[in-house]
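Accompanying notes for the structure given below.
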Amino acid sequence: MCIVKPLATFKNNKTKPMKNKIYFLPFLLLILISCGNNRKKQTKLNSNKAHYTLKIQDTIPIHLNKNSAYNKNYTLQTIDTNEYIITVNHDKNLVLFYSPVTRQIKKQIKYKFDGPKGVGTILFATAHNWDSIFLIRLHTNNIFLTDSSGKIKRRFELSETVQGNPIWNIAASFATLMVLYNNKLYLKNIPHIKVFTKAFWNIKLALIYHLTDNKVYAYGNYPEIYKKGINFGGYNYNYNRIINKHGQSIFSFSMDNHLYVYNDTALIKKVPVPSHYVKEDAPVPKKKLTGYNYEDDWLYDMSRGSYRWMVYDKYHNMIYRLVLHSMPAYDGEGNRNKWEDKPFSIQIIDSNFRLVGEVPFPGKTYYFRNIMASKSGLLISLSHDKNPITEENKLILARFKLVKKK
């Protein structure tokens with residue numbers, strides 16, 4: 001910033017002001033030139049700011065056994081310094097661990113639960129070490145701490161309300177977000193409230209379960225855009241969240257480019273991070289959507305871009321956020337396109353929540369639900385139904401390296 005200070009206080013007479021102005025003009029001109037040069041230097045500094053891209057390195061085929069070949073939901077977790085790709089066979093209550101290094105299965109754990117078949121099946125697992133594996137089950141508010149033999153060591157139960165907020169079915173979604181950090185479990189809350197009602201938009205989105213003192217806290221809110229009475233359909237109300245190395249929760253919503261950053265349960269900042277490929281947040285649908293009329297929901301979702309999954313890269317302290325682009329509802333032969341067929345881009349967001357890169361990817365090639373940040377690079381599944389290299393008994397991952405642009 002350039003600041004011009006007055007040289008002197010001129011006397012109010014008729015002769016000296018003109019003379020003083022004449023002497024003052026060259027000095028003022030010099031200052032303006034200096035300010036202009038400073039602005040040019042600042043612009044140059046901004047343009048030289050490090051920007052990043054993703055460069056493909058190779059592909060990694062993971063050989064799947066018969067118990068996980070059908071399943072497309074995977075997470076990457078570190079157990080005892082080694083990384084494993086974890087998937088769950090919901091029908092058989094199996095949790096499977098694959099090594100991206102050996103490209104083979106490392107361990108398979110079978111769990112037995114009382115009750116009718118199909119009730120309380122495992123939906124999600126997160127592991128701290130081989131003796132501390134946390135499970136959540138369908139249509140329950142129970143969290144189970146287990147070991148590598150399948151033995152249940154402890155059960156945590158959540159009440160139906162936390163701080164006046166309704167809590168129901170923390171395992172309602174196959175994409176349930178459960179993260180263990182600093183002896184706290186970060187959980188998703190899906191309450192038993194009619195979707196898209198005023199009460200629904202005002203619920204707390206997430207929970208923090210302090211395992212040591214057995215206390216639970218509710219936090220997180222939908223952005224205001226969701227509360228304006230516009231129904232954006234069933235594809236667009238879900239949210240995504242990661243936990244960074246500082247224990248901050250970062251939320252992202254499909255209809256809003258901002259990141260919402262929470263420190264414990266307090267919102268500390270709201271940061272705009274718009275995509276280069278999505279020009280409008282939450283365009284108003286032409287038809288009133290119900291969330292149950294999937295035809296209209298699908299047509300609206302295909303016509304617009306949206307902000308989806310996030311992955312935290314702890315090795316570079318970066319966030320990767322997937323942005324879906326718009327796409328015609330039908331292909332050239334009149335066949336329906338699915339939202340999994342969409343082209344997309346991956347935003348690269350630094351530790352100060354600045355967009356430092358965005359990389360586009362083609363549609364019908366990557367199964368973008370499976371994106372994992374490993375120590376060897378960013379892994380993205382190539383096992384898309386319309387990708388000719390897809391094999392039923394393999395999870396094929398493309399490995400990308402984060403590199404600075406020159």
Exercise for review: Return the set of residues passing side-chain contact (heavy atoms from CB on, under 4.5 Å) with Ala373 (not counting sequence neighbours), or none when no residue passes.
Suggested key: Val311, Asp313, Tyr320, Leu378
Exercise for review: Identify the heavy atoms of Pro100 and Ile85 that sit nearest to each other, and give their distance.
Suggested key: CB-CD1, 4.3 Å
Point to revise | Partner set under salt bridge (charged side-chain N to carboxylate O under 4.0 Å, His left out) for Lys184, not counting sequence neighbours | key: none
**Study point:** Asn387-Lys364 side chain donor-acceptor pair, cut-off 3.5 Å
**Key:** no
Practice item. Quick one: list whatever passes ring pair (Phe, Tyr, Trp, His ring centres under 6.0 Å) with Trp298, sequence neighbours left out. Key: Tyr330
Practice item. Apply the ring pair (Phe, Tyr, Trp, His ring centres under 6.0 Å) test between Tyr260 and each candidate in Tyr239, Phe251, Tyr307, Phe253; give the one that qualifies. Key: Phe253
Check your understanding: Shortest non-hydrogen contact from Ser99 to Ile62?
Key -> O-CD1, 3.9 Å
Review point. By side-chain hydrogen bond (donor to acceptor under 3.5 Å, both in side chains), which residues pair with Arg304, not counting sequence neighbours?
Key: Asn236
Check your understanding: Which pairs count as side chain to side chain donor-acceptor pair (under 3.5 Å) when at least one residue sits in residues 265-274, sequence neighbours excluded?
Key -> none
Review point. Which residue pairs pass the salt bridge (charged side-chain N to carboxylate O under 4.0 Å, His left out) test when at least one of the two sits in residues 290-300, sequence neighbours left out?
Key: Lys287-Asp296, Glu295-Arg336
**Study point:** Any pair counted as ring pair (Phe, Tyr, Trp, His ring centres under 6.0 Å), so long as it reaches residues 142-163, sequence neighbours left out
**Key:** Phe113-Phe144, Phe156-Tyr209
Review point. side-chain hydrogen bond (donor to acceptor under 3.5 Å, both in side chains) with Asn263: which residues, sequence neighbours excluded?
Key: none
Check your understanding: Can you tell me if NZ on Lys227 sees more than 12 non-hydrogen neighbours from other groups inside 6.0 Å?
Key -> yes
Review point. Between Trp201 and Tyr226, what is the ring plane arrangement, given parallel below 30°, perpendicular above 60°, and tilted in between?
Key: tilted
Check your understanding: Can you list the steps and then say if Lys151 with Asp147 is a salt bridge (Lys or Arg N to Asp or Glu O under 4.0 Å)?
Key -> CA-CA 6 Å; Lys151 180 182 177 181; Asp147 62 18; 5.7 Å; no
Practice item. Step by step, work out the side chain to side chain donor-acceptor pair (under 3.5 Å) result for Tyr219 and Ser249. Key: CA-CA 10 Å; Tyr219 73 111; Ser249 302; 2.8 Å; yes
Revision key, fill the gap. With sequence neighbours left out, the residues meeting side-chain contact (heavy atoms from CB on, under 4.5 Å) with Gln108 are Asn65, Asn67, Leu94, Leu96, Ile105
**Study point:** Polar side-chain atom of His90 near backbone of Ile122 as donor-acceptor pair, under 3.5 Å
**Key:** yes
Review point. Does the ring centre of Tyr98 sit less than 6.0 Å away from the ring centre of His63?
Key: no
Exercise for review: Check salt bridge (charged side-chain N to carboxylate O under 4.0 Å, His left out) between Glu391 and all other residues, then give those that pass, not counting sequence neighbours.
Suggested key: Lys394
Check your understanding: Which is it for His258 and Asp256 under the side chain to side chain donor-acceptor pair (under 3.5 Å) test, yes or no, and what are the steps along the way?
Key -> CA-CA 6 Å; His258 292 78; Asp256 186 345; 2.7 Å; yes
Check your understanding: Can you check whether Asp301's main-chain N or O pairs, donor with acceptor, with Ser303's side chain at less than 3.5 Å?
Key -> no
Revision key, fill the gap. The ring pair (Phe, Tyr, Trp, His ring centres under 6.0 Å) partner of Phe361 among Tyr277, Phe368, Phe400, Tyr367 is Phe400
**Study point:** For Lys106, all residues meeting side-chain hydrogen bond (donor to acceptor under 3.5 Å, both in side chains), sequence neighbours excluded
**Key:** none
Check your understanding: Excluding sequence neighbours, so at least two apart, what forms side-chain hydrogen bond (donor to acceptor under 3.5 Å, both in side chains) with Ser275?
Key -> Glu358
